[in-house]
Amino acid sequence: MELCSPLHSLFSVDLSFSAAISHLPLHSYVKSSQSRRPNPRRRALAVASTPPPEAPPNSPQRLLRELAERKKVAFPKKKVPPRRFILKPPLDDAKLTQRFLNSPQLSLKSLPLLSSCLPSARLNNADQTWIDEYLLEAKQALGYPLEPFDQLDDGNPAKQFDTLLYLAFQHPAPDCQRANAKHVRNGHSRLSFLGQYVLELAFAEYFLQRYPRESPAPMRERVFELIGKRNLPKWIKAASLHNLVFPYDEMDKMIRKDREPPAKSVFWALFGAIYLCFGMPEVYRVLFEAFGMDPEDENCQPKLRRQLEDVDYVSVEFENRQITWQDMAAYKAFNCIYCRKSLISHFVISVQPPQDALFAHPRLFRACVPPGMHRFRGNIWDFDSSRKVMEALRYPLPMNDRIPEITEARNIELGLGLQLAFLHPSKYKFEHPRFCFERLEYVGQKIQDLVMAERLLMKHLDAPGRWLQEKHRRTLMNKFCGRYLRDKNLHHFIIYGESVQDRFEYNRRLRNPATTAVQQAIHGLAYTVYGKPDVRRLMFQVFDFEQIQPKAV
């Protein structure tokens, strides 16, 4: 090896090492030691070329650095995909079977929906630590007894309330490893996915009965002002739950984009857990008692609009009376297995509705179908189209009524409700505002969303809430809902006004939203007359909502 000194490297350069070395930097360093003031031109030329080398040009370090730079250009480093996207070998049948058998999601065969919302793995020590430290505070704020619920009977859905309440508060946080565990993260997102549709249905039923003469547009504004994402942090703080949602931050000093998503996620998941364990009566109690919501507050009032004059009378139970949330909770208690007997007592089995009840939800039916619909009995649609629509929908359902008059009365009301579900607002709305399908469509859309959400939760046990939300949205798109009705050739029975008959007949853009609205109104009528099982039957047996079929060529 040739030895060289720094002085020798300044004057003798071997150009075979690097082709990037020019003569200009070399001449810029070979200067006379006697010249104190350098030439400005030569100095600028040296600056503009290349900076002085850190090491001698023939040093091994410089050569290795140049080779590394050339290797980067010729062979760029490939990005390795994240670990969660790398395909893993599938589990064998024995391990997969053992995994599902050990999962809490299959522990409750009698309650499939509740079982599907349990965590996919058993809670560990970190989860139990949070439960021991903070769960009593959450129960006290919501008005529940402090005793553990897991000591109840196995057939009581409230036995799983401690687990679901823990999952409801575990919103994903970047600095919390416990909440980012897969079984906790997926359990919280699935509860949140269910809770949003529970809240929508609860407020739809409540406002339809509280304001029997209002159109759905003001009701949607009331719901948005109550549980819109901007107001949810306010309700979380009103119930003294902000310290559990934001344990390390002060909620009032946080910016909106950091404060609203966690509050919304926890709020929805909380009511998903309450609905699964205690039913809809407890949802109303927590909304209006624990959170203190007031539908008559001035901030929750809808916009002023021109109101059509409603000359038709309403049912007797709504005349000159606004129902309260206590009335709604007592009314909904007939349709759930477990209800709350008092504010601090334990949970007991409620009284079931009588066998000869005319409707599954009689008061909701009266709020959506006005009594004046009886004037349409025996008209042309009732004589010609009602029978064909009932045959397509497989109505009426067989019911074991001890009194024949009950069966006859239910079938008459069902026929009038079907006629109202096919009655477009262009026909009678300006003279009789409630003689159209708008109110049935409103409740039908909400129960349709809830039924599909429950179906997806029970069908996809391992799916997170975000995937279920996208699947839900794509399945219930308006163009698909209208297509299901048109595939059954039921869109020919829609009653339009004479002024718009020709436009709707030859304009697809006007006709398709109308078919979607009629589809949702049929679901609303099925819910009020026969209950949620009939909505499932229509969606998955008659119209086959889960199978999106292409158009016939």
Arg473 atom CZ, neighbour heavy-atom count above 12 within 6.0 Å: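 Buried by this count: over 12 neighbours within 6.0 Å.
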Going through the distances and angles, do Tyr211 and Gln322 end up as a side-chain contact (heavy atoms from CB on, under 4.5 Å)? CA-CA 7 Å; Tyr211 307 103; Gln322 283 189 346; 3.6 Å; yes
Arg185 side chain vs Gln170 backbone, donor-acceptor pair below 3.5 Å: no
Heavy-atom pair with the smallest gap, counting every atom of Gln519 and Leu485: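 Answer, listing the atom of Gln519 first, then Leu485: OE1-N, 3.3 Å.
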Would you indicate whether the side-chain heavy atoms of Phe545 and Arg455 approach each other to under 4.5 Å? no
Glu296 atom CD, neighbour heavy-atom count above 12 within 6.0 Å: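 Check passes, neighbour count above 12.
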Do you know which two heavy atoms are closest between Leu146 and Leu136, and how far apart they sit? O-CD2, 3.4 Å
Please give me the minimum heavy-atom distance between Leu276 and Pro157, naming the atom from each residue. O-CB, 3.9 Å
With distance as the sole test, does Ser265 use its side chain to make a donor-acceptor pair with the main-chain N or O of Pro261 at under 3.5 Å?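 Here the side-chain-to-backbone pair does not exist.
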Test item: Leu244 and Val266 side chains (from C-beta on) under 4.5 Å apart, heavy atoms: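 Contact flag for Leu244/Val266 side chains = no.
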How close do Pro370 and Phe435 get, heavy atom to heavy atom, and via which atoms?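 Taking Pro370 first and Phe435 second, the nearest heavy atoms are CG-CE1, 4.0 Å.
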For Ala367, is there any backbone N or O sitting under 3.5 Å from a side-chain donor or acceptor partner on Gln209?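 Not a single qualifying donor-acceptor pair exists.
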Side-chain donor or acceptor of Arg285 paired with backbone N/O of Ala329 under 3.5 Å: no
Between Arg474 and Glu470, does at least one N-O distance fall below 4.0 Å, as a salt bridge requires?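 Salt bridge: yes.
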If only side-chain N and O atoms count, and only distance matters, is there a donor-acceptor pair under 3.5 Å linking Thr324 with Gln326?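 Judged by distance alone, the side chains do pair up.
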If every non-hydrogen atom of Leu538 is compared with every non-hydrogen atom of Ala526, which pair is closest and at what distance?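 The pair with the smallest heavy-atom distance is CD1-CB, 3.6 Å.
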Evaluate the side-chain proximity of Phe430 to Leu308: yes if any heavy-atom separation is below 4.5 Å, no if none is. yes
Are there over 12 heavy-atom neighbours, none belonging to Arg305, within less than 6.0 Å of that residue's CZ?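 Enclosed: over 12 neighbouring heavy atoms sit under 6.0 Å from CZ of Arg305.
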Given 3.5 Å as the limit, does a donor-acceptor pair link the side chain of Arg434 with the main chain of Asp312, or not?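 Between the backbone of Asp312 and the side chain of Arg434 there is a qualifying donor-acceptor contact (under 3.5 Å).
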Rounded to the nearest 0.5 Å, how far does CD of Gln448 lie from CE of Met539? 5.0 Å
Below 30° counts as parallel, above 60° as perpendicular, anything between as tilted: where do the rings of Trp325 and Phe288 land? parallel
More than 12 non-hydrogen atoms from neighbouring residues, nucleotides or ligands closer than 6.0 Å to NZ on Lys229, yes or no? no
Any side-chain heavy-atom pair from Leu194 and Trp268 closer than 4.5 angstrom?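 Sidechains of Trp268 and Leu194: no contact.
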ring-ring contact (aromatic ring centres under 6.0 Å, His included) between Phe271 and Phe267, worked out: CA-CA 7 Å; Phe271 284 96; Phe267 192 83; 4.9 Å; yes
Val529 side chain near Asp534 side chain, heavy-atom distance below 4.5 Å: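 In short, these two side chains do not touch, never coming nearer than 4.5 Å.
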Answer with yes or no after comparing the ring centroid distance for Phe149 and Phe161 against a 6.0 Å cut-off, counting only values under it.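 They qualify: ring centres under 6.0 Å apart.
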Would you give the length of the straight line joining atom CG of Leu440 to atom CZ of Phe365, rounded to the nearest 0.5 angstrom? 8.0 Å
For the pair Asp127 (side chain) and Asn124 (backbone), establish whether a donor and an acceptor sit closer than 3.5 Å, ignoring hydrogens and angles.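 Pair found, side chain donor or acceptor close to backbone of Asn124.
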Please walk me through it: do Met293 and Ile227 pass side-chain contact (heavy atoms from CB on, under 4.5 Å)? CA-CA 9 Å; Met293 293 187 179; Ile227 58 172; 3.8 Å; yes
Using the side-chain hydrogen bond (donor to acceptor under 3.5 Å, both in side chains) rule, take Gln469 and Gln196 through it: C-alpha gap first, then chi angles, then the decisive distance, then the call. CA-CA 11 Å; Gln469 184 71 42; Gln196 58 178 324; 2.4 Å; yes
Lys237 atom NZ, over 12 foreign heavy atoms within 6.0 Å: no
Compute whether any side-chain donor of one residue and acceptor of the other, for Gln128 and Asp132, lie under 3.5 angstrom apart. yes
Would you find a donor on one side and an acceptor on the other, under 3.5 Å apart, between the side chain of Arg178 and the backbone of Val184?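 Checking the backbone N and O of Val184 against the side chain of Arg178, no donor-acceptor pair under 3.5 Å is found.
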For Leu287, does its backbone N or O pair with a side-chain atom of Trp235 as donor and acceptor, under 3.5 Å?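 The answer is no, because no donor-acceptor pair under 3.5 Å joins these two groups.
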Output, in order, the C-alpha distance, side-chain angles, deciding distance and verdict of side-chain contact (heavy atoms from CB on, under 4.5 Å) for Val518 and His491. CA-CA 8 Å; Val518 171; His491 59 288; over 6 Å; no
Yes or no on side-chain contact (heavy atoms from CB on, under 4.5 Å) for Ile131 and Leu123, after CA distance, side-chain angles and deciding distance? CA-CA 10 Å; Ile131 291 176; Leu123 301 182; 3.9 Å; yes
Which pair of heavy atoms, one from Ile447 and one from His523, lies closest together, and at what distance? CG2-O, 4.1 Å
I'd like to check Leu232 versus Glu260 (side-chain heavy atoms, cut-off strictly below 4.5 Å). Are they in contact? no
Looking at Arg321 and Asp327, is any side-chain nitrogen of the basic one under 4.0 Å from a carboxylate oxygen of the acidic one?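 Arg321 and Asp327: salt-bridged.
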Should we say atom CZ of Phe318 is surrounded by more than 12 heavy atoms from elsewhere, each under 6.0 Å from it? yes
Would you say Tyr134 and Asn243 make side-chain contact, with heavy atoms under 4.5 Å? no
Crowded around Arg230 CZ? As in, over 12 foreign heavy atoms under 6.0 Å?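 Not buried by this count: 12 neighbours or fewer within 6.0 Å.
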Would the number of heavy atoms belonging to other residues, nucleotides or ligands and lying under 6.0 Å from NZ of Lys471 be above 12?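 No, because the 6.0 Å sphere around NZ of Lys471 holds 12 heavy atoms or fewer from other groups.
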Between Tyr144 and Glu282, is any side-chain donor less than 3.5 angstrom from a side-chain acceptor? yes
Is Tyr527 reaching over with its side chain to a backbone N or O of Val535, donor-acceptor style, under 3.5 angstrom? no
Check for a donor-acceptor pair, side chain of Arg190 on one end and backbone N or O of Leu457 on the other, with a separation under 3.5 Å.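 The answer is yes, because a donor-acceptor pair under 3.5 Å joins these two groups.
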Cationic tip of Arg537 above Tyr530 ring, under 6.0 Å, 45° of axis: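 Judged by the rule (NZ or CZ under 6.0 Å from the ring centre, within 45° of its axis), Arg537 is not positioned above Tyr530.
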Side chain to side chain, Met251 and Pro233, heavy atoms closer than 4.5 Å: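 With C-beta onward as the side chain, the pair touches.
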How far apart are the C-alpha atoms of Trp130 and Tyr166, what are their side-chain angles, what is the distance that settles it, and do they pass the ring-ring contact (aromatic ring centres under 6.0 Å, His included) test? CA-CA 8 Å; Trp130 192 97; Tyr166 163 71; 5.4 Å; yes
